[in-house]
2 protein chains.
Amino acid sequence: MTTHTPVGRPLRPTGKFLQEDSRRHHRSLLLQQLFREGPASRADLSRSSGLTRVTVSDLVKAMLAEGLVAELGAPAESRVGKPPTLLGLSVDSTHVIGIDLSATDRFTGAVLNLAGEVQARHEVSLDGATGTAAVALVHALATDLIGMTERPVLGVGVGSPGVVDATGTVIDAPNLAWSGMPLAASLAETLGVPVFVANDANTAVLGEHTFGESGDGGLLVLRVGTGVGAGLVLGGSLLHGHLGAAGEIGHVVVDTEGERCACSRVGCLETVLAVPRLRRRLEEAGADAAQVLTQAGEQLGTALAPVVGMLNLHEIVLSGPTELLDGPLRDAADRTIRARTMPVSSEGLLIRTSTLGEDVVIVGAAVLVLAGELGVS
Amino acid sequence: MTTHTPVGRPLRPTGKFLQEDSRRHHRSLLLQQLFREGPASRADLSRSSGLTRVTVSDLVKAMLAEGLVAELGAPAESRVGKPPTLLGLSVDSTHVIGIDLSATDRFTGAVLNLAGEVQARHEVSLDGATGTAAVALVHALATDLIGMTERPVLGVGVGSPGVVDATGTVIDAPNLAWSGMPLAASLAETLGVPVFVANDANTAVLGEHTFGESGDGGLLVLRVGTGVGAGLVLGGSLLHGHLGAAGEIGHVVVDTEGERCACSRVGCLETVLAVPRLRRRLEEAGADAAQVLTQAGEQLGTALAPVVGMLNLHEIVLSGPTELLDGPLRDAADRTIRARTMPVSSEGLLIRTSTLGEDVVIVGAAVLVLAGELGVS
DNA sequence: GGAATATGTAAGTACGCTCAACTAACTAAT
DNA sequence: ATTAGTTAGTTGAGCGTACTTACATATTCC
């Protein structure tokens, strides 16, 4: 569940509940059940949602008419009483577009079904484009992707670098020379479908939360690439922060005697952890590679320990080149965090690498759409 | 808005919305408006809530009957059209009990009205009581306080040390020798009114959020006393954390070469910042007092910088002895945080000391009740 | 004094859900 | 084979909530 504002549909400014909202909420409840737990009968849905069988039947009737769910017949094994009719999410009834703008050299995207499975991929080369030229590339990529599916498109999700506000305006993305760029609004107008834009680390955490193997507690995804950023899901919803700048951990100083950073400070986490720096340092170290990774992990752990103590996180996922992250670095980070926090903070904590790999951002962008349009995540 | 479970009334396990919920929600919307912005007419409420005047009239009628709001007549200045009838919250229609268990030597409490104003105080001396003896003291204190007001009591809120779960059970509070103590349930049974229990730092942040001069972004309250703990309000609601242990920053290591802590680790934030340690170190330092405070502030800043970067907080409030916190210490923390985070993280950030003083926990405990019972905060 | 403007109420309507009662389809016991 | 018991899903009446429409009321502006 995100609090992102869908662009391309009217939004209610107040907190009032109409009956209509109630119905949409209950519909989401049923969809969520089918989405997470797989096929179920109307009676099952009634039990899990707390709604009466009558109401469930009515909601299901509407969703059957839409084609969003389908009847799958009776289950194999049979028990006492009339056998139920199983209902399942029609994962190909509509498709979703997910787009990742976080790579430095190209924009990638995919068509996904409602189960988050990639149906088709496409990408455009950036060739140094910035500003409106880069926006044009996003438009082209999105249009191409929509053309690649026969199915109706539920919406388009975009994971962009930089700070993105809740309306899908990119406040500031230095690499693309975007500043106050209303990306969601402009895409929605061109494409005629709902568009959601969020920071790439934020979409990554959504992807991991929904399609990774994660639990229900607080989840932090740390994206390690050219830069370092993080996304947080707390209490089931994405954290935005006061100015939409939550997760900006890359330029937190971790070593006052470290290297100078592009941001003009000394010893930012990025100077320790960003892939180019880490690779260079590994080369320099030669045989002492493990040592370098361990040290980086310790510094990461030092930066994360206060966050872990403060938020009582359940899971930290490292997303980036596995050969760098999934060894001494992760172990050192894990060890450091546990050494620096109370047992009550760290004992429920799991630190692992991403299960979604390269696609985290794309999949997460799709989740943005699923959550916004169907209330599913 | 907290997600605390009121004890003393049935709770709905599912996420379904009844019409009843809708009505309660809209009622809260109106109360919230009156609570935060002061008197308003039915027409004003209609505009701010988005509900029709008809619906507002109906809801107001019910609240008038309950005595929760009152008609205040027409406003002084008049404009075109029929003059409105102002409505105001009847801040003394019911009273609320707030209790603070965080002091080491006594339990304090107060009767407050709906505006959070203290009407009467009472306290009991702890005299080393722990376990069930301490629970008995809480019961006695609560009973006494309820007896001190003529008004009906909306509920009882308690700020307890230790880790408290969402049902008001104290999971672990070493100083009181409580472990898995169902405080809210036991109080609710004895007192016959709704009871809410939360960690003292959590109630403090609620108090500061609702009755302090704070904005709407993320708020962190750091309680500095015998120990050090924090509470967080993000997106308008209290953060609990995976196991209800959010805010446990006191035993995060900030100085690996520091003093040994009671928790067996070395250099926890508490060893630097807890009042007894700080006082002792100030005595030892003599004339170099400012130096000691500056250093403590720097270490605090070092611990908080990653949190600020990660959460993009709007406000950090230091709560504790002002003579220690509100000078070189705060300045150093402020400076250190800004030096160690990006401008985008820190420029919207305000670091200040508490405006509520000693009463933060008591007032926050009352907010727990207001939020839970009236949906107001 | 009449037009314009704004507040608040009354009556009727739409919608979403519930309850109670039903039909349908199966298993288990006699 | 018959009957009882169980579970699934549907039907129709009713209730609660908020909406729309229409109106009474009270004031300012001209």
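Every chain is numbered from 1 and lettered A, B, ... according to where its sequence line falls, protein lines coming before strand lines.
- Ionic pairing of R23(B) and D58(B) is present here: one or more N-O contacts between side-chain nitrogen and carboxylate oxygen are shorter than 4.0 angstrom.
- Using a cutoff of 4.0 Å between basic side-chain nitrogens and carboxylate oxygens, E66(A) and R27(A) are scored as salt-bridged.
- In this structure, L18(B) places its CG atom 13 Å from P of dA18(D), rounding to the nearest Å.
- Distance CZ (F17(A)) to C1' (dG16(D)): 17 Å, rounded to an integer number of Å.
- In this model, a donor atom of one side chain and an acceptor atom of the other lie less than 3.5 Å apart for T355(B) and E208(B).
- Below 30°, between 30° and 60°, or above 60°: for F35(A) and F211(A) the angle between ring planes is above 60°, a perpendicular geometry.
- The distance between atom CD of E71(B) and atom P of dG8(C), rounded to the nearest whole Å, is 8 Å.
- Under 4.0 angstrom from either OP1 or OP2 of dT20(D) there lies no side-chain N or O belonging to T52(B).
- In this structure, CD of E77(A) is placed 12 Å from P of dT27(C), rounded to the nearest angstrom.
- Counting only distance, with no hydrogens or angles, the side chain of Q119(A) and the backbone of T149(A) share no donor-acceptor pair below 3.5 Å.
- To the nearest angstrom, P of dT7(C) lies 11 Å from CG of L45(B).
- Side-chain atoms of S46(B) come within 3.5 Å of backbone atoms of L51(B) as a donor-acceptor pair (strictly under, hydrogens ignored).
- Look at S22(B) and you'll find a side-chain N or O under 4.0 angstrom from OP1 or OP2 of dA18(D).
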Can you pull every protein N or O that's under 3.5 Å from an N or O on nucleotides 13-15 of chain C?
unit_1	atom_1	unit_2	atom_2	d
dC15(C)	O4'	Q19(A)	NE2	3.3
dC15(C)	O2	Q19(A)	OE1	2.9
dC15(C)	O2	Q19(A)	NE2	3.1

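- Considering only side-chain atoms of K82(B), the nucleotide from dT7(C), dA4(C), dA8(D) that sits closest is dT7(C).
- Phosphate proximity of dT17(D) to R27(B): absent, as no side-chain N or O sits under 4.0 Å from OP1 or OP2.
- The side chain of R47(B) places an N or O atom within less than 4.0 Å of a non-bridging phosphate oxygen (OP1 or OP2) of dT7(C).
- Contact record, I99(B) with I362(B): C-CG1, 4.4 Å, taken as the closest heavy-atom pair.
- Using a cutoff of 4.0 Å between basic side-chain nitrogens and carboxylate oxygens, R24(B) and E373(B) are not scored as salt-bridged.
- Within 4.0 Å (heavy atoms only), R42(A) reaches sugar-phosphate atoms of the nucleic acid but no base atom.
- Taking 4.0 angstrom as the limit, S41(A) places a side-chain polar atom (N or O) nearer than this to OP1 or OP2 of dG9(D).
- S28(A) places a side-chain N or O within donor-acceptor distance of the main-chain N or O of L374(A), the cut-off being under 3.5 Å.
- Looking at the side chain of V80(B), the nearest of the listed nucleotides dC19(D), dA4(C), dA8(D) is dA4(C).
- Taking every side-chain heavy atom of L51(B) into account, dC19(D) is the closest of dC19(D), dA8(D), dT27(C).
- Between V156(B) and V369(B), the closest side-chain pair of non-hydrogen atoms is not below 4.5 Å.
- Taking only side-chain nitrogens and oxygens, H26(A) never comes nearer than 4.0 Å to OP1 or OP2 of dG16(C).
- Taking atom CZ of R53(B) as the reference point, atom P of dA10(C) lies 14 Å away to the nearest angstrom.
- Of the residues in residues 54-68 of chain A, those with a non-hydrogen atom less than 4.0 angstrom from any atom of DNA chain C are V54(A), T55(A).
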